[in-house]
Protein chains: 2
Amino acid sequence: MNPHEIIKSYIQRYIEITEEEADYFASCFETARFKKRQYIVQPGFTAKYRNYVLEGAFRSFVVGDQGQESTIEFAIDDWWITDYNSYIFQQPASMFVMALEDSLVLRIDFHKEQELKNANHHFESFFRIIAERALAAHQRRLISNLTLTAEERFTHFETNFPKFMGRVPQYALASFLGMTTEFLSRIRKRRLHNKS
Amino acid sequence: MNPHEIIKSYIQRYIEITEEEADYFASCFETARFKKRQYIVQPGFTAKYRNYVLEGAFRSFVVGDQGQESTIEFAIDDWWITDYNSYIFQQPASMFVMALEDSLVLRIDFHKEQELKNANHHFESFFRIIAERALAAHQRRLISNLTLTAEERFTHFETNFPKFMGRVPQYALASFLGMTTEFLSRIRKRRLHNKS
DNA sequence: GGAATTTCCTAAACTAGTTCATTTTTTTTG
DNA sequence: CAAAAAAAATGAACTAGTTTAGGAAATTCC
C-alpha cells in the first residue's frame with residue numbers, strides 16, 4: 001500500500017466516510033523522511049506537525065536540569081507522535097522528538113488540520129476519537145506508573161508492547177519506565193537467572 | 001448562577017454557539033447530589049456519566065493487589081471527573097470515584113453525549129477540545145512524575161493547584177503524587193523547620 | 001576495516017523513599 | 001458531647017532503586 005492508502009485505511013478504522021472524503025483527508029498529509037538521530041521537534045520551537053509513522057521509529061523526551069533524559073513516548077509504524085502541548089496550543093515545545101531509525105512519516109500541518117475539522121463533521125469526530133483514545137491510554141499508563149514496581153512496569157511493557165521490544169534502545173526504555181539504565185539491566189539479569 | 005447557566009458559560013469558553021444551542025446543550029445535563037464518601041463509579045460497573053462538579057470535591061483512585069490506593073485524579077468546582085477508560089469505551093470501570101465532600105454535579109449520560117455530538121458539529125468540537133486539553137494536561141503530569149523528586153512534585157502541586165490544597169486529604173494527595181503518607185508528612189515537617 | 005562513539009553490563013556504596021509500629025490529633029456520628 | 005473512627009505525625013529499621021566508576025560489546029563513520 002502507498003502512504004495515502006495507508007492513512008485512508010487508518011481513518012476508516014475510526015469513522016465511516018466516503019471514498020472521496022477519505023481521499024481528501026489523505027491529500028492533506030505529506031510524506032517526510034528523517035535520518036536516525038534527526039530531531040523533528042525541539043524545545044523552544046513550536047511543533048508544526050502531527051506525525052503518523054509509516055516506517056521507522058521515534059522517541060519523544062524531555063531533558064531535566066541535570067541533563068537526565070525522560071522518555072515520554074515511543075512511536076513505530078501506525079503510531080502518532082508530536083509534542084501535544086506544543087501542537088495543540090501552538091506554543092513552544094518542551095520536548096525533543098527524535099528519529100531512532102531512518103524513518104518515513106505522513107504529517108499534517110496544524111492549520112491544515114483546523115481546515116479539515118471545520119470542513120467536515122466526520123473529520124472533527126476523527127480527531128475527537130483519537131484524542132479520547134490517547135487520553136485513555138495515558139490514564140492507563142499513569143496507573144501502572146503509580147501502582148507497579150520497576151520490575152512489574154518492565155514486564156507490563158514487554159507483554160503489552162512486544163513490538164517495541166528490541167526496537168527501542170535500553171536507555172530509552174529505562175527512562176520511559178521511570179528507572180535508570182543500570183537498574184533495568186539488573187532486572188533483565190535477575191530474570192535470566194531466576195526464571196524459565 | 002443556576003446550574004444550567006454555569007454549564008452554558010462553561011461550553012461558551014471553548015466554542016462559539018448560539019444561545020439556543022447552549023440551552024440545548026445544558027438541557028442534556030441533570031444535577032445529582034452526593035454525600036461525602038459516596039461512590040459514583042465503582043470497579044466492575046460501567047461509568048454511565050461524565051460529571052461536571054458544581055460544588056464539593058471528588059477523587060478517583062485504583063486499589064492495588066495489596067490494598068494500596070493510588071489517586072488518579074481530583075476534581076473540585078469547574079472540573080470534570082469520571083473513569084475515562086470506562087466511560088469512553090463503555091467498559092467496566094477499574095477505578096473508584098468517590099465524593100470527598102457533600103457534592104453537587106451536573107452529569108451527562110453517555111448515550112445523550114453521543115446524540116449531542118451527532119446533532120451538531122459544534123458539540124463534537126467541544127468534546128474534541130476538552131479531550132485534547134485533558135490529554136495535554138496528562139502529558140504535563142507524566143513529565144513531572146518522571147522528572148521530579150517527591151518533594152519537588154509536592155511543591156509543583158502546591159504552586160500549580162493551590163485551590164486543591166486543604167480541600168483534599170493528605171493521604172489522598174500523597175498517593176496522587178506517588179509517595180506514602182508518611183513521607184509527605186516528613187516533607188511538610190522538613191519544610192516547616194528549614195524554610196521561611 | 002579500524003578508530004571513535006554509543007550502548008550495555010557489572011558491582012559496590014549510597015540514599016530517597018518505604019514499611020512497620022505506635023501515638024496524637026481531628027473528624028464523624030449516635 | 002463523648003465514644004468511635006478516620007486522618008496525620010513520629011521515629012526507627014529497612015529496601016528498592018540510584019549513583020558512581022569502570023569495562024565490554026556493539027554501532028557508526030570516515
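The NZ-C1' distance, from Lys36(B) to dA5(D), rounds to 12 Å in whole Å. As a whole-Å value, the separation of Leu146(B) CG from dG17(D) C1' is 15 Å. Rounded to whole Å, the distance from CZ on Phe154(A) to C1' on dA16(D) is 17 Å. Gln38(A) places its CD atom 17 Å from the C1' atom of dT28(D), with the value rounded to the nearest Å. Summarising the geometry, the separation between NZ on Lys35(A) and C1' on dC29(D) is reported as 11 Å, rounded to the nearest angstrom. The interatomic distance linking Gln66(B) (CD) with dC20(C) (C1') rounds to 15 Å, in whole Å. Summarising the geometry, the separation between CZ on Phe183(A) and C1' on dT20(D) is reported as 17 Å, rounded to the nearest angstrom. Protein atom CG of Leu100(B) is 13 Å distant from nucleotide atom C1' of dA6(D), rounded to whole Å.
Mapping Arg37(A) and Ser185(B) onto DNA chain D via the closest heavy atom, the residue that lands nearer the 5' end is Ser185(B). Of the residues near DNA chain C, Glu151(B) and Thr181(A), the one whose nearest nucleotide (by heavy atom distance) lies more toward the 5' end is Thr181(A).
Regarding contacts with the backbone of dT18(D), a side-chain N or O of Thr180(A) is found under 4.0 angstrom from either OP1 or OP2. When the side-chain nitrogen and oxygen atoms of Lys189(A) are compared with OP1 and OP2 of dC9(C), none of them lie within a distance under 4.0 Å.
Looking at heavy-atom distances under 4.0 Å, Tyr171(B) makes contact with sugar-phosphate atoms alone, never a base. Heavy atoms of Glu182(A) sit under 4.0 angstrom from at least one base atom. If you check every strand for non-hydrogen atoms under 4.0 Å, Thr149(A) touches sugar and phosphate atoms only.
Counting distance only, with no hydrogens placed and no angle test, the side-chain atoms of Arg186(B) and the base atoms of dG17(C) include a donor-acceptor pair under 3.5 Å.
Residues satisfying the ring-ring contact (aromatic ring centres under 6.0 Å, His included) criterion with Tyr87(A), sequence neighbours excluded, are Phe110(A). The side-chain contact (heavy atoms from CB on, under 4.5 Å) check on Ser103(A) picks up Phe58(A), Ala99(A), Glu101(A), with sequence neighbours excluded.
Nearest nucleotide to the side chain of Gln170(B), out of dA8(D), dT18(D), dC9(C): dA8(D).
A ring-centre distance under 6.0 Å is found for Phe176(B) and Phe157(B).
Around atom CZ of Phe89(B), more than 12 heavy atoms belonging to other residues, nucleotides or ligands sit under 6.0 Å away.
The aromatic rings of Phe126(A) and Tyr10(A) lie perpendicular to each other, with more than 60° between the two planes, well past the 30° mark.
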